[in-house]
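Below is one structure; the comments refer to it alone.
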Amino acid sequence: MKAGWGPYSSRDRDCAFGPLGEVIDAETQFKIDSLEGQDVQEYPLPSDMHVREDYRVFPLELEDNPLVVFHGTALANFAAIVAEGLKRGIDVGATLESISYAKGSSSALTHWVGRREVGQDGIILALRFESFQGLHEEAQIVYDYKTAPTQPNIIGYVVVTAAYCHR
């Protein structure tokens, strides 16, 4: 389902509305639109994750692909990620000296929900690497410590609205 422009008030004039009615800023909407033509798929946030008790947000063909990893972040960061690539925390004012990627989307979702601010929309990215050469790989996480990080291909994303309640 593609996010699209919706009716807006003068207060929301620079906003778009996503498939669940969430507000997406105009710059983020432009970047989502700029991914069209690439092999990037938007997936809806599954409504049955808590029933399945696995909290995976992507189809099994992505979840089970050994070269696909997941990264959760604020939706507001998506435009910069598309334009400039993923950056280490230390390069954007935080303290982490790496970029962390989860091997399961449920871990990326749990991480995002645990650190989001009230009212903040998020996004879980599905990313494909050609290989993990030069990266630090652990059982459930892959870290990139390089000053010029390897940029994986964005192959999918799920918007996690601020209204989402992690059960």
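Just so you know, these numbers come straight off a predicted model, no measurement behind them.
Salt-bridge check for Glu138 with Lys103: failed, with every basic side-chain N at 4.0 Å or more from each acidic carboxylate O.
Here the side chain of Glu63 pairs a donor or acceptor atom with the backbone of Phe58 at under 3.5 angstrom. Between the side chain of Asn153 and the main chain of Ile155, no donor-acceptor pair closer than 3.5 Å is present. Using a distance-only test at 3.5 Å, with no hydrogens or angles considered, a donor-acceptor pair links the side chain of Gln151 to the main chain of Leu86. When atom types are taken as modelled, the side chain of His71 and the backbone of Ala102 share no donor-acceptor pair closer than 3.5 angstrom. Here the side chain of Asp121 pairs a donor or acceptor atom with the backbone of Ala162 at under 3.5 angstrom.
Among all heavy-atom pairs drawn from Ser105 and Val57, the shortest one is OG-N, 2.9 Å. In plain terms, the two heavy atoms of Ser106 and Arg56 that are nearest each other are CB-N, 4.2 Å. Of all heavy-atom pairs between Ile141 and Ser100, the closest is CG2-CB, 4.4 Å. In plain terms, the two heavy atoms of Thr147 and Pro149 that are nearest each other are O-CD, 3.3 Å. Considering every non-hydrogen atom in both Leu67 and Glu130, the closest pair reads CD1-O, 3.5 Å. In this structure, Tyr164 and Leu109 approach most closely via the heavy-atom pair OH-CD2, 3.7 Å.
Atoms CG and CD1, on Asn77 and Ile123 in that order, are 9.5 Å from each other to the nearest 0.5 Å. Residue Leu96 holds its CG atom at 11.0 Å from CG of Asp91, rounded to the nearest 0.5 Å.
Lys146 is listed as a side-chain neighbour of Leu135, based on a closest heavy-atom distance under 4.5 Å. Within the 4.5 Å cutoff, side-chain heavy atoms of Thr150 are placed close to those of Phe129. By the 4.5 Å heavy-atom criterion applied to side chains, Leu45 and Val160 are counted as neighbours. Annotation: side chain of Leu125 is in contact with side chain of Phe78 (closest heavy-atom distance under 4.5 Å). When side chains are defined from C-beta on, Ser107 does not count as touching Phe70, because their heavy atoms never get closer than 4.5 Å.
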Give the C-alpha distance, both sets of side-chain angles, the deciding distance and a yes or no for side chain to side chain contact (heavy atoms under 4.5 Å, CB included) between Val40 and Tyr157. CA-CA 8 Å; Val40 178; Tyr157 63 93; 3.9 Å; yes
Stepwise, does the side chain to side chain contact (heavy atoms under 4.5 Å, CB included) test hold for Trp112 with Ile124? CA-CA 8 Å; Trp112 165 246; Ile124 308 300; 4.2 Å; yes
What's the verdict on side chain to side chain contact (heavy atoms under 4.5 Å, CB included) for Ile81 and Lys87, showing C-alpha distance, side-chain angles and the deciding distance? CA-CA 8 Å; Ile81 290 169; Lys87 295 182 179 181; over 6 Å; no
Full working for ring pair (Phe, Tyr, Trp, His ring centres under 6.0 Å) between Tyr143 and Tyr101: CA-CA 6 Å; Tyr143 298 99; Tyr101 303 101; 9.0 Å; no
Between Leu75 and Val159, is the side chain to side chain contact (heavy atoms under 4.5 Å, CB included) condition met? List the steps. CA-CA 7 Å; Leu75 182 60; Val159 173; 4.3 Å; yes
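The environment of Gln120 atom CD is dense: over 12 non-hydrogen atoms of other residues, nucleotides or ligands sit within 6.0 angstrom. Atom CD of Glu61 has more than 12 neighbouring heavy atoms from other residues, nucleotides or ligands inside a 6.0 Å radius.
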